[in-house]
Amino acid sequence: MQHDPAEIVELQARQGRAASAVLNSKIFMIEPANTGLFGILKSPSINAAASDPVWVTFVLTDALGAPLQPRRHVKIKLIKSGLGTQREGDAMLLDMIDDKTCIGVRTVNAAK
């Protein structure tokens with residue numbers, strides 16, 4: 001399935017900052033992040049190995065879950081375990097401080 005190119009969005013720690021916008025979205029695709037040349041970042045001696053990073057592509061939606069038109073995708077590198085049981089098609093909220101910076105990814109029913 002082909003989709004529009006995704007905008008890369010950086011995930012940062014909240015650090016007491018409030019979101020300036022909360023975007024409705026659905027998980028469009030989850031794919032493994034690059035593990036480096038010959039999988040070197042998967043080495044047990046590298047701390048990043050425990051984090052198991054994945055790229056998550058979200059399609060932005062309206063409050064009812066219908067994709068915005070024109071369709072817009074954003075891509076964020078997350079820790080796989082941080083997704084919990086969430087999978088492709090699940091609704092999520094993205095707490096944004098600007099167009100390129102996200103400070104939180106949460107389920108629609110999660111408290112702030």
Side-chain angles (χ1 to χ4, degrees):
M1 175 188 311
Q2 184 160 352
H3 62 89
D4 300 326
E7 298 173 41
I8 303 293
V9 172
E10 180 183 9
L11 180 66
Q12 294 182 358
R14 188 173 294 275
Q15 298 176 337
R17 297 178 287 182
S20 62
V22 177
L23 303 179
N24 292 296
S25 68
K26 284 187 181 177
I27 297 175
F28 181 76
M29 183 178 4
I30 301 171
E31 54 194 334
N34 186 347
T35 57
L37 186 62
F38 305 115
I40 196 162
L41 296 179
K42 287 286 226 183
S43 168
S45 64
I46 304 290
N47 192 22
S51 65
D52 199 12
V54 292
W55 281 107
V56 181
T57 303
F58 298 90
V59 61
L60 300 186
T61 66
D62 63 20
L64 300 175
L68 296 180
Q69 297 300 327
R71 191 172 285 235
R72 181 175 167 212
H73 292 88
V74 297
K75 192 172 187 176
I76 304 173
K77 188 184 281 188
L78 299 171
I79 309 259
K80 187 175 183 178
S81 61
L83 284 174
T85 60
Q86 304 305 307
R87 60 182 189 266
E88 292 172 0
D90 288 348
M92 304 292 287
L93 297 173
L94 307 177
D95 296 329
M96 306 294 290
I97 57 170
D98 60 40
D99 288 344
K100 297 289 183 189
T101 310
C102 178
I103 57 171
V105 177
R106 55 194 168 92
T107 61
V108 171
N109 297 322
K112 284 188 176 181

### Summary
One should read off an interatomic distance between Lys75 NZ and Ile8 CD1, to the nearest 0.5 angstrom, of 5.5 Å
### Query
Given the rule that I, L, V, M, F, W and Y join up when any side-chain heavy atoms are under 4.5 Å apart, are Leu68 and Ile76 in one cluster?
yes
### Query
Looking only at heavy atoms, what is the nearest atom pair of Arg14 and Gly104, with distance?
NH2-CA, 4.0 Å
### Query
Can you pull the salt bridge (Lys or Arg N to Asp or Glu O under 4.0 Å) pairs that have at least one residue in residues 83-94, sequence neighbours excluded?
none
### Val54 and Lys77, any side-chain heavy atoms less than 4.5 Å apart
no
### Query
How far does CZ of Arg72 sit from OG1 of Thr61, to the nearest 0.5 angstrom?
12.0 Å
### Query
Linking Ile, Leu, Val, Met, Phe, Trp and Tyr through side-chain heavy atoms less than 4.5 Å apart, which residues share a cluster with Ile103?
Ile97
### Message
The criterion is salt bridge (Lys or Arg N to Asp or Glu O under 4.0 Å); which residues satisfy it with Lys100, sequence neighbours excluded?
### Response
Glu7
### Message
Checking Leu23 now: which residues fulfil side chain to side chain contact (heavy atoms under 4.5 Å, CB included) with it, not counting sequence neighbours?
### Response
Leu60, Leu94, Met96
### Task
Identify, with sequence neighbours excluded, every residue that meets side chain to side chain contact (heavy atoms under 4.5 Å, CB included) alongside Gln69.
Pro67
### Value rounded to 0.5 Å, distance of CD1 in Ile30 from CH2 in Trp55
14.0 Å
### Atom of Asp95, atom of Ala19 and distance for their closest heavy-atom approach
CB-CB, 3.8 Å
### Message
Can you list everything that forms a side chain to side chain contact (heavy atoms under 4.5 Å, CB included) with Asp99? Sequence neighbours excluded, please.
### Response
none
### Message
Is there a side-chain contact between Val105 and Leu93 in this structure, where contact means two heavy atoms from C-beta onward sitting under 4.5 Å apart?
### Response
no
### Message
As an exercise, state the distance from CZ of Phe28 to NE2 of His73, rounded to the nearest 0.5 Å.
### Response
4.0 Å
### Task
Looking only at non-hydrogen atoms, find the nearest pair between Ala6 and Thr57 and report the distance.
CB-CG2, 4.1 Å
### Message
Taking Val108 as the starting point, is it possible to reach Val22 by hopping between hydrophobic residues whose side chains are less than 4.5 Å apart?
### Response
yes
